[in-house]
Peer 1: 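Could you have a look at this structure, given as structure tokens, before my questions?
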Protein chains: 2
Amino acid sequence: MNTTSRTEENYLKAIFQLCERSEEPIATNAIAHAMKTSAASVTDMIKKLSKKELVHYQKHKGVRLTDSGNSMATSLVRKHRLWETFLVNKLNFSWEEVHEIAEELEHIPSKKLIDRLDDFLGNPKFDPHGDPIPDSAGNFTFRKQISLPELAEGAEGVLVGVQDDTMTFLQYLNKLNLTLGTKIKIVERFDYDESTKIVINGKQEQILTNKVCLNLFVKTI
Amino acid sequence: MNTTSRTEENYLKAIFQLCERSEEPIATNAIAHAMKTSAASVTDMIKKLSKKELVHYQKHKGVRLTDSGNSMATSLVRKHRLWETFLVNKLNFSWEEVHEIAEELEHIPSKKLIDRLDDFLGNPKFDPHGDPIPDSAGNFTFRKQISLPELAEGAEGVLVGVQDDTMTFLQYLNKLNLTLGTKIKIVERFDYDESTKIVINGKQEQILTNKVCLNLFVKTI
DNA sequence: AAATATTTTTAGATTAGTCTAAAAATACTT
DNA sequence: AAGTATTTTTAGACTAATCTAAAAATATTT
């Protein structure tokens with residue numbers, strides 16, 4: 001049997017995402033944490049994936065995806081992001097609601113389905129969160145995550161993360177409608193006080209201090 | 001835990017469909033046949049569903065759905081038929097291809113998703129096969145299955161079944177593009193030789209003998 | 001480098017869904 | 001109504017994915 005179970009798929013995707021943030025082999029505990037399960041379960045699953053040649057594995061040395069593991073994970077990411085795009089663009093969901101549903105939809109196996117969906121959506125290159133959507137061959141445009149001060153005047157980015165994740169900071173951002181996925185355009189920088197004027201989601205103008213800017217990470221559009 | 005597993009859902013749907021064709025309690029073997037599994041497995045599952053009060057069950061007496069089992073099954077049918085409609089109307093699948101994919105999609109749990117999909121599709125009352133789509137409260141228009149001679153002149157129906165399912169007859173139908181799901185309009189009946197002129201899928205005109213008509217079942221539109 | 005702490009793996013048990021084979025209940029036939 | 005056939009249920013075993021607790025390996029501290 002050469003199929004991949006839903007659970008195996010979820011492991012592959014978790015490992016893929018951990019690999020994106022580090023060149024090192026991924027630790028058992030890191031996977032356990034991502035999958036909200038025990039280290040023992042992870043070891044069991046790793047052995048299985050290793051036997052199927054989806055991961056490289058040596059005892060106590062962590063794992064990396066093999067080429068075939070990587071391409072499976074990429075295909076899952078493609079499905080996930082296309083479904084998210086569908087939910088937001090066609091069914092009018094807001095971007096915060098869609099993750100959980102897309103987590104289910106990404107396991108629907110038909111390749112034809114996903115390619116048709118891709119066409120139906122107009123072959124988008126990025127999902128509503130600003131993350132790149134792999135094409136049917138698995139290629140995608142990598143967009144570096146940069147801090148707001150690195151974004152050129154006139155350029156646009158999508159908010160993808162924050163440095164300072166204290167409650168007070170997040171609440172402040174929330175008040176400005178600066179949530180993950182928000183589109184930010186740099187209008188002008190003022191050398192006088194190092195402040196920056198931005199436009200949020202194409203309409204709301206806002207002045208940010210340099211301190212705030214340094215804590216915001218965006219991906220360019 | 002009060003959730004319903006994918007497998008339980010598949011059993012509920014199979015029982016629901018068997019209930020549609022008979023007033024009698026559904027036999028273990030009938031379910032086993034529909035689910036392509038052993039009678040032993042069915043008995044095990046029935047016990048579980050019975051404990052959850054989704055079916056009425058007495059040993060050796062077969063099962064019926066309870067109200068709550070029925071409403072779960074109806075919700076699955078709603079999902080299945082809406083997804084099929086989406087696949088055919090929006091993604092340009094042909095109606096024969098969609099069943100298997102919809103079989104997967106129907107297990108996506110979000111009610112909000114399915115209600116939004118319903119709106120997106122324009123709240124269709126019938127799926128591409130001509131089967132009724134339950135609304136979000138579980139109500140649907142029942143359309144009786146009638147043989148072609150019972151369909152009035154000028155009326156339209158969707159082909160949903162055949163009486164004579166010999167290979168030769170099916171091959172003959174295939175040649176005329178008369179496949180399940182095909183739309184048939186009665187144009188005129190000729191008393192002289194009891195033949196009937198129909199239009200297939202809104203374009204192809206065709207004369208059928210009475211013998212053929214008696215073997216075709218349609219649902220009215 | 002020895003002792004301690006942490007991480008990872010193993011061992012053994014559990015649950016859901018399945019199976020086969022045998023036993024029990026029901027239905028058909030003469 | 002007795003015997004045979006069929007259907008349904010039970011019993012016991014298997015697999016996938018999980019768990020806890022203990023053992024083994026690796027990393028850190030003194």
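A note on names: the letters A, B, ... follow the listed sequences, proteins ahead of strands, and every chain is numbered from 1.
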Peer 1: Is the distance from OP1 or OP2 of dT8(D) to the nearest side-chain N or O of Tyr57(B) less than 4.0 Å?
Peer 2: no
Peer 1: Looking at dT10(D), I'd like to know if its phosphate oxygens (OP1 or OP2) sit under 4.0 Å from a side-chain N or O belonging to Lys47(B).
Peer 2: yes
Peer 1: Given dT8(C), is OP1 or OP2 found less than 4.0 Å from the side-chain N or O atoms of Lys61(A)?
Peer 2: no
Peer 1: Tell me whether Arg6(B) contacts the main-chain N or O of His107(B) through its side chain, where contact means a donor paired with an acceptor under 3.5 Å.
Peer 2: no
Peer 1: Mind calculating the distance between CD1 (Ile46(A)) and P (dT10(C)) to the nearest angstrom?
Peer 2: 11 Å
Peer 1: Salt-bridge test for Arg78(B) and Asp115(B): reply yes if a basic N is under 4.0 Å from a carboxylate O, no otherwise.
Peer 2: yes
Peer 1: Got a list of protein N/O to nucleotides 19-22 of chain C N/O distances below 3.5 Å?
Peer 2:
from, atom 1, to, atom 2, distance (Å)
dC19(C), OP1, Thr37(B), OG1, 3.4
dC19(C), OP2, Thr37(B), OG1, 2.4
dC19(C), OP2, Ser38(B), N, 3.3
dC19(C), OP2, Ser38(B), OG, 3.1
dC19(C), OP2, Ser41(B), OG, 2.5

Peer 1: For dA24(D), does either OP1 or OP2 sit under 4.0 Å from a side-chain N or O belonging to Lys59(A)?
Peer 2: no
Peer 1: Specify the separation, in whole Å, of atom CG of Asn29(A) and atom P of dT7(C).
Peer 2: 6 Å
Peer 1: Does any non-hydrogen side-chain atom of Tyr172(A) lie less than 4.5 Å from one of Thr168(A)?
Peer 2: no
Peer 1: Just call it for Thr43(B): base, sugar-phosphate, or nothing, with non-hydrogen atoms closer than 4.0 Å on any strand.
Peer 2: base
Peer 1: Whole angstrom is fine here: how far is it from NE2 in His33(B) over to P in dT6(D)?
Peer 2: 16 Å
Peer 1: Any heavy-atom pair between the side chains of Pro128(B) and Thr85(B) that's under 4.5 Å?
Peer 2: yes
Peer 1: What distance separates Leu208(B) CG from Ile200(B) CD1, expressed to the nearest 0.5 Å?
Peer 2: 6.5 Å
Peer 1: It should be established whether Tyr11(A) places a side-chain nitrogen or oxygen under 4.0 Å from OP1 or OP2 of nucleotide dT18(D).
Peer 2: yes
